[in-house]
Amino acid sequence: MNVYVESNFVLEQALEQEQCESCEQLSGMASAGSIQLVIPAFSLAEPHGTLLRTKNARSRLRDELLPHLRELARSRAHRELSANLHGLADLLAGSAERERRGLQRTIEGMLKVAQVIPLDAGVLDMANNMEPRFGLSPQDSIVLASIVSHLGLTKPAESCFLNRNTKDFDYPNVREMLDEFGCKFFGRFDEGLHYIEARLAKSGSD
């Protein structure tokens, strides 16, 4: 079974978010050969930009916060609160490096267990057509074009596309196109994991 994922699968693990355990289980299944994990090359590069934007936003917030904390520290009534909030400022400063290391580890792991769909001229041309047709963002168009291109070339007997953000791809016309390739869409990683486990259990009992 081909299991298609994109950048939020990477970020879910790198940032240890709420569905990261399901993602880790799927990566483990891919490592064991139970499934074929497939990810667009674009989706391995995109998270770097996401983390950079987050880092810059937190740096701006910290820079705005520090003068207020220094001002509060001058007041005996607010001194203890100011000291506690300095911990928040330190968290904002240190979080970017931790997340960068997490992303690096996750991408290294993905390269070991997943098949990477190249970003070539054919994918970009398809993405240019999909963007106005489906009303997708340029980034999502590239992801969808990568997956559809790979589905067309490999014609897997069974496949699914797992995505955390249903607002990105969960549209009837997108689902219809994926259905033409026999590819099911899931808007949660845990739901996709349950489906895959059930399919593998069924095929194992046949």
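Bear in mind the structure is a predicted one, so any value in this text is a computation, not a measurement.
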Which heavy-atom pair separates V123 from A145 by the least distance, and what is that distance?
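The answer is O-CB, 3.5 Å.
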Residue pair V113 / Q36: nearest heavy atoms and the distance that separates them
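It is O-NE2, 4.3 Å.
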With respect to R164, which candidate in Q19, Q17, E6 satisfies the side chain to side chain donor-acceptor pair (under 3.5 Å) definition?
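So, applying the side chain to side chain donor-acceptor pair (under 3.5 Å) to R164 and each of Q19, Q17, E6, only Q17 qualifies.
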Identify the residue among E46, H48, Q139 that makes a side chain to side chain donor-acceptor pair (under 3.5 Å) with S7.
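That would be E46; it is the only one of E46, H48, Q139 passing the side chain to side chain donor-acceptor pair (under 3.5 Å) with S7.
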Using the rule given for side-chain contact (heavy atoms from CB on, under 4.5 Å), can you reason through L151 versus S159, listing the C-alpha separation, both sets of side-chain angles and the distance that settles it, and then say yes or no?
CA-CA 9 Å; L151 285 166; S159 63; 3.5 Å; yes
Sidechain-backbone polar pair: S141 side chain, S137 backbone, donor-acceptor under 3.5 Å
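At least one qualifying donor-acceptor pair exists.
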Give a yes or no on whether the backbone of S27 and the side-chain of S31 come within a donor-acceptor separation of less than 3.5 Å.
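Absent.
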Supply the atom-to-atom distance S149 OG to L119 CG, rounded to the nearest 0.5 angstrom.
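That separation rounds to 10.5 Å.
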To the nearest 0.5 Å, tell me how far E131 CD sits from D140 CG.
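Reported value, rounded in 0.5 Å steps: 9.5 Å.
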Identify every side-chain donor-acceptor pair in residues 178-187 under 3.5 Å, counting partners at least two apart or on other chains, and give the distances.
none

Give every residue pair that meets the ring pair (Phe, Tyr, Trp, His ring centres under 6.0 Å) criterion with at least one member in residues 99-156, sequence neighbours excluded.
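Listed once each, the pairs are Y4-H150.
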Sequence neighbours left out, what pairs pass side chain to side chain donor-acceptor pair (under 3.5 Å) with at least one residue falling in residues 191-200?
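The answer is E158-Y195, E158-R199.
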